[in-house]
Structures are given as C-alpha cells and as structure tokens.
Colleague: 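Below: one structure in structure tokens.
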Amino acid sequence: MKKILNELTWRGLIQNCTPGIFSIENNKITLYTGLDPTSDSLHIGNLIPISILIHFKNAGHNPLIIIGGATALIGDPSDKNTERQLLDNNIIEYNINSIKSQLYNFLDIYPNGRIKLLNNYDWIKNISFLNFVRNIGKYITINYMIAKDYVKKRLNNCNGMSFTEFTYQLIQGYDFFYLYKTKNCLLQIGGSDQWGNIITGIELIKKKLSGIAYGLTVPLITKNDGSKLGKTQKGTNIWLNPKRTSPYKFYQFWLNISDNEAEKFIKYYTFLSKFEIEQLIIKHRQSPNKRLLQKKIASEITKWIHGNKAYEKAVNTSEILFSKNIDELKKINKDLSIFNGVPHLEINKEFLEKGITIVDVLVTLSNFLSSKNAVYRLIHSKAILVNKTIIYENLCLTTHDLIDERFILIQISKKKFFVIKVI
RNA sequence: GGGGAGAUACUCAAGUGGUUAACGAGAGCAGACUGUAAAUCUGUUGGUUUAUACCUUCGCAGGUUCGAAUCCUGCUCUCCCCA
C-alpha cells in the first residue's frame with residue numbers, strides 16, 4: 001500500500017486532520033466525501049476533495065462519493081450567516097442527476113471504475129423522527145452542538161437559526177456513522193468549512209460504537225487577493241458544466257492564473273509526480289514569460305474535465321483570438337464553431353447591409369455591456385478593436401467589415417471578445 | 001417600557017442651505033509597461049445624448065425655500081445603553 005499522506009501534505013492539500021490519521025494509510029481503507037446537489041453543476045472548488053479521493057484510489061484505497069440528496073433537503077448552514085431558502089424536491093432531484101452524469105464523464109465511477117457513488121437519501125429516507133431522536137440525538141449534547149463556530153455566530157445574530165438547520169450537523173454526522181457501520185468507512189474528506197460536521201460524525205461513531213474514525217479537510221483555495229477560488233473577477237463560478245462555463249472560458253481561466261497561484265495549483269489540481277512538478281517549477285522560474293506552468297495546468301485539467309477534443313479546440317480558439325493580426329482570422333475557413341463559447345450575436349445579412357453601430361451591437365442588441373456610456377468610455381480609452389484594429393468612434397459596421405463573408409470580431413480590452421455572425 | 005445614535009453610490013466613509021453626480025479609501029473597469037502574469041503608474045466608475053445639454057440619485061413620504069443630501073413634520077428600518 002503506497003503511503004499517501006506525505007504526498008498530500010507535500011501538495012498542500014491538508015488543512016486539518018484528526019490525530020492518529022497516519023496509522024490508517026498502511027491498510028486498504030474506505031473513505032468518502034460528500035457533494036451537495038445545491039446546483040446542477042459542480043465547480044472547480046469541488047475538484048479538490050475529489051482529487052484527494054483519486055489520490056487515495058491510486059494508492060489502492062476504496063473511495064466513495066456521497067451525493068447529499070437528503071442533506072440538501074435541509075441545507076448545510078456551515079459557512080453561512082443567514083438561513084437558507086429550502087430547495088424544492090424536484091430541483092434537488094434534477095441536480096442529483098446532472099451531477100451524477102457529470103461525474104461519470106470525468107471519474108472512474110463504479111461499476112466500470114473504482115469510485116462508488118451513493119446518495120444519502122437512500123438510507124435517511126426511512127428513518128422515523130422518533131427513531132432518529134432516540135437513537136442518534138441522544139448521543140450528542142446540545143452543548144456540543146452549539147459550541148460549533150457557525151452555530152455560535154448564528155445564535156448571536158438577530159436572525160437566529162432554525163431548528164432545521166441546527167439539526168444538519170446530526171444528519172451529516174449520521175451519514176458518517178452509517179457508512180462506518182455498514183461499509184467500514186474510516187475517513188471523511190471535506191472542505192475546511194466541513195470540519196464541524198465531520199467531527200460530529202466521528203463523535204457519534206465514538207459514542208455509539210466505540211469506534212475510531214478520522215477526518216481530513218482541504219484548505220480553502222484562495223486567489224492572491226484573498227477571494228475564493230472558482231469565482232471569476234465578477235464573482236461567477238467556474239463550472240464544470242460546459243453549458244455554464246464553456247471549455248474555452250475554462251481553459252482561459254487556468255491560463256490566466258498568476259505565477260504564485262500556478263505553483264500552488266499544479267500541486268492541487270494535477271496528478272503529475274513530485275519530480276515532474278518540481279522540474280516544471282524550476283523551468284518556469286527560469287523563463288516565466290513562457291508560462292509553462294499555466295499552460296500545463298490548463299491542459300491537464302481541461303483535458304480531464306472536457307476531453308482532448310474540447311481542449312484542442314479551446315487552444316485553437318485562443319490562438320486565433322489572441323493573435324496580433326487579421327490574417328489569423330482568415331484561416332478559420334468559415335468554421336465558426338471555433339467561436340463556440342465566445343459571446344456572440346447572430347444577425348441577418350440584410351440587416352448588416354443597412355449598417356449597425358458598435359454601441360447597438362454591444363448594448364442594444366446583445367446586452368454584452370451594461371450601458372451605452374460604458375461603450376463610449378471604452379472607445380475613448382482605445383479599448384475596442386474591430387477585426388484587430390483600434391476604433392476611435394462609434395463605428396457603423398456593414399457587410400464590408402465581414403471576414404470570409406461570415407463574421408466580425410470585436411475585441412473589448414485585451415481579453416474579452418465578441419463575435420458578430422451573419423446567418 | 002425609558003433614553004441615545006444612525007440610515008449617503010458595489011463596500012466603507014466625508015459632507016450639515018448654493019460650481020455637489022456628491023471629498024477620500026477599498027473594489028471594479030480601461031490604458032501604459034509586460035508574459036493573455038504579478039507589482040507599479042495613469043485615467044475612469046448613475047443614465048441618455050458624443051459631447052459639456054438634459055434626466056435621475058444621499059432610507060421612505062410630504063413640507064419650507066429662488067435653491068435641499070443638508071432645515072421642518074410624519075413614517076420605516078438598524079445599532080447602543082437602562083429597565
């Protein structure tokens with residue numbers, strides 16, 4: 001059995017763990033992490049605990065992923081300052097199915113692979129309230145429960161905390177208890193906000209079964225400015241679902257991380273060996289302008305999540321969009337699918353013959369920018385390019401501006417692109 | 001129940017009758033420099049017009065005034081102290 005905890009430590013993936021955890025890595029163990037179906041897609045923050053599962057799997061252990069079909073009905077209060085809105089059953093079910101099919105795409109899910117997928121609704125749905133209160137609630141004191149940081153915070157907060165959310169930690173604790181009892185699952189992995197919930201499970205196992213279980217949390221991945229990773233500048237998540245975050249955008253996100261971040265993320269998000277990573281970091285420091293690390297991370301993760309084809313397309317699109325001159329644009333041979341994932345507007349050719357202004361394209365017709373003033377401001381600061389040429393006024397575009405008779409490329413600042421396609 | 005303080009743009013926070021679309025800071029956006037990096041510097045951040053004009057905005061609703069974020073009245077909400 002390959003030792004794994006040193007590996008995880010080296011990668012910086014361990015934020016906190018319960019004492020004695022190093023004793024378990026010698027034998028094959030079962031471990032799990034939970035995913036909340038609060039949305040119909042995972043985002044890149046979810047990949048960290050998942051990648052730990054994969055490290056364990058590669059070392060020969062037995063990983064489980066628990067989808068929180070039951071716990072999502074309650075809503076995890078960890079890390080939240082206010083009561084959550086309850087989610088609708090149908091939405092949760094839809095989310096569960098979406099997340100499941102997503103996981104099948106990029107993980108070796110049982111029966112073909114080694115990672116088993118379970119839904120905690122399956123074992124929680126049949127528990128009666130009385131049974132739960134007598135058999136589980138009796139083992140955990142209120143004193144223990146209100147000592148949790150997030151509970152304290154909420155108790156001091158005038159909005160308070162509902163009984164429903166207060167019980168959440170017991171339900172998640174019960175999951176761990178159940179998995180320990182039925183599958184001999186010894187370890188739970190979670191984000192740093194999950195510490196309290198994990199500990200409750202361990203406590204329950206200790207009190208009720210005199211068993212010893214372990215927990216491990218991953219660091220909260222932050223960007224240099226302290227913001228949570230997975231959010232872009234505008235605060236939107238980087239999703240794994242290509243409909244929410246196109247492979248092109250996904251690829252660009254990784255390509256744009258800073259040097260500092262890149263040295264960390266290559267350890268978090270790729271499965272390259274320690275040797276390979278150290279070599280890459282050395283090379284990168286020698287000539288950082290080549291951005292070897294960013295490119296490597298972007299390629300590894302994009303291929304992993306979206307597949308080789310989508311990755312190649314994203315690279316191709318990037319090369320064309322970021323090329324300095326107009327000739328590159330002419331090379332695409334009318335294959336506009338290269339622009340999938342780039343914001344665009346489709347218009348009739350007749351419409352374009354009459355002429356259409358930049359402001360209309362970006363605001364009136366597409367809402368790509370929020371106001372006309374914003375466009376004028378950008379034009380004045382020379383931030384808008386049409387087909388790679390800076391414009392100085394609110395230009396009126398016509399069919400003469402079309403490339404290959406098919407499209408016009410508008411570039412806003414260095415990294416934002418907008419395509420007008422004629423149909 | 002009694003007393004006190006407050007509510008200003010994305011956030012914090014000045015301004016207490018007249019160049020006030022509102023100081024400043026953070027944040028965002030853009031430009032320069034670079035490597036589609038970081039740091040730095042510069043500009044910018046209500047809307048319409050791409051021009052210099054108008055409209056809307058300082059908790060909500062009224063009022064006083066030539067003129068209000070600023071004064072008055074009522075209301076709503078938040079915080080603090082004493083019961």
Colleague: State, without any angle test, whether A:Glu261 and A:Ser258 hold a side-chain donor-acceptor pair at a distance under 3.5 Å.
Modeller: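 The answer is yes; a qualifying pair exists.
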
Colleague: Please determine, for B:U36, whether a Watson-Crick or G-U wobble partner exists with both distances under 3.5 Å, and give it or none.
Modeller: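 Partner of B:U36: none found under 3.5 Å.
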
Colleague: Could you tell me how far apart A:Ile379 (CD1) and B:U49 (C1') are, to the nearest whole angstrom?
Modeller: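 The distance from CD1 of A:Ile379 to C1' of B:U49 comes to 14 Å, rounded to the nearest Å.
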
Colleague: Let's test your reading of the model: under 3.5 Å, does the base of B:U50 pair with the side chain of A:Glu393 as donor and acceptor?
Modeller: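 There is none.
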
Colleague: Give A:Ser318 one of three labels, base, sugar-phosphate or nothing, depending on what nucleic acid heavy atoms sit under 4.0 Å from its own.
Modeller: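 Base contact.
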
Colleague: Counting side-chain heavy atoms from C-beta on, which of B:G35, B:U36, B:A30 comes nearest to A:Lys416?
Modeller: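 So the side chain of A:Lys416 is nearest to B:A30.
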
Colleague: Considering only the C1' atoms, how many Å lie between B:A13 and B:G17, rounded to the nearest integer?
Modeller: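 The same atom, C1', in both gives a distance of 22 Å.
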
Colleague: Among the nucleotides B:G35, B:U49, B:A37, which one has an atom lying closest to any side-chain atom of A:Lys415?
Modeller: B:A37

Colleague: Do we see a donor-acceptor contact under 3.5 Å between the side chains of A:Glu203 and A:Gln169?
Modeller: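 Looking only at side-chain atoms, A:Gln169 and A:Glu203 do not form any donor-acceptor pair under 3.5 Å.
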
Colleague: So if I take every side-chain heavy atom of A:His380 and compare against B:U48, B:U50, B:A37, which nucleotide ends up nearest?
Modeller: B:U50

Colleague: In this structure, how many angstroms lie between the P atom of B:A21 and the CG atom of A:Asn373, rounded?
Modeller: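 In whole Å, B:A21 P lies 17 Å from A:Asn373 CG.
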
Colleague: Does the structure show a Watson-Crick or G-U wobble partner for B:A27, both distances under 3.5 Å? Name it, or say none.
Modeller: B:U45

Colleague: Could you tell me whether A:Arg291 contacts a base, only the sugar-phosphate backbone, or nothing, with contacts defined as non-hydrogen atoms closer than 4.0 Å?
Modeller: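 A:Arg291: base contact, heavy atoms under 4.0 Å.
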
Colleague: Of the nucleotides B:U44, B:G31, B:U49, which has the atom closest to the A:Ser413 side chain?
Modeller: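 Closest of the options to the side chain of A:Ser413: B:G31.
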
Colleague: When you measure from the side-chain N and O atoms of A:Lys372 to the phosphate of B:U49, is any distance below 4.0 Å, counting only OP1 and OP2?
Modeller: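 Yes, because at least one side-chain N or O of A:Lys372 sits under 4.0 Å from OP1 or OP2 of B:U49.
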
Colleague: Do A:Lys303's NZ or CZ and the ring of A:Tyr311 fall within the cation-pi criteria of under 6.0 Å and 45°?
Modeller: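 Checked: cation-pi criterion met.
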
Colleague: Record whether the side chain of A:Lys414 comes under 3.5 Å of the base of B:U34 through a donor-acceptor pair of N or O atoms.
Modeller: yes

Colleague: For B:U65, does the glycosidic angle fall within 90° of 0 (syn) or outside that (anti)?
Modeller: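 Anti conformation here, the glycosidic angle of B:U65 being more than 90° from 0.
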
Colleague: Is there ring stacking between A:Tyr376 and B:U50, where the centres must be under 5.5 angstrom apart and the planes under 30 degrees?
Modeller: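 The ring of A:Tyr376 is not stacked on B:U50.
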
Colleague: Where the side chain of A:Ala383 is defined as all heavy atoms beyond and including C-beta, which of B:U36, B:G35, B:A30 is the nearest nucleotide?
Modeller: B:A30

Colleague: Measure the acute angle between the ring planes of A:Tyr269 and A:Phe265, then classify it against the limits of 30° and 60° as parallel, tilted or perpendicular.
Modeller: perpendicular

Colleague: B:A5 pairs with which nucleotide, Watson-Crick or G-U wobble, both distances below 3.5 Å?
Modeller: B:U78

Colleague: Can you measure A:His284 atom NE2 to B:G35 atom C1' for me and round it to whole angstrom units?
Modeller: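 Going from NE2 in A:His284 over to C1' in B:G35 covers 9 Å.
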
Colleague: Distance between the P atoms of B:C60 and B:U45, in whole angstroms?
Modeller: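 It comes out at 24 Å once rounded to the nearest Å.
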
Colleague: Start with the C-alpha gap between A:Thr270 and A:Lys296, add the side-chain angles, then the distance that decides, and say whether side-chain contact (heavy atoms from CB on, under 4.5 Å) holds.
Modeller: CA-CA 9 Å; A:Thr270 72; A:Lys296 188 68 182 172; 5.8 Å; no

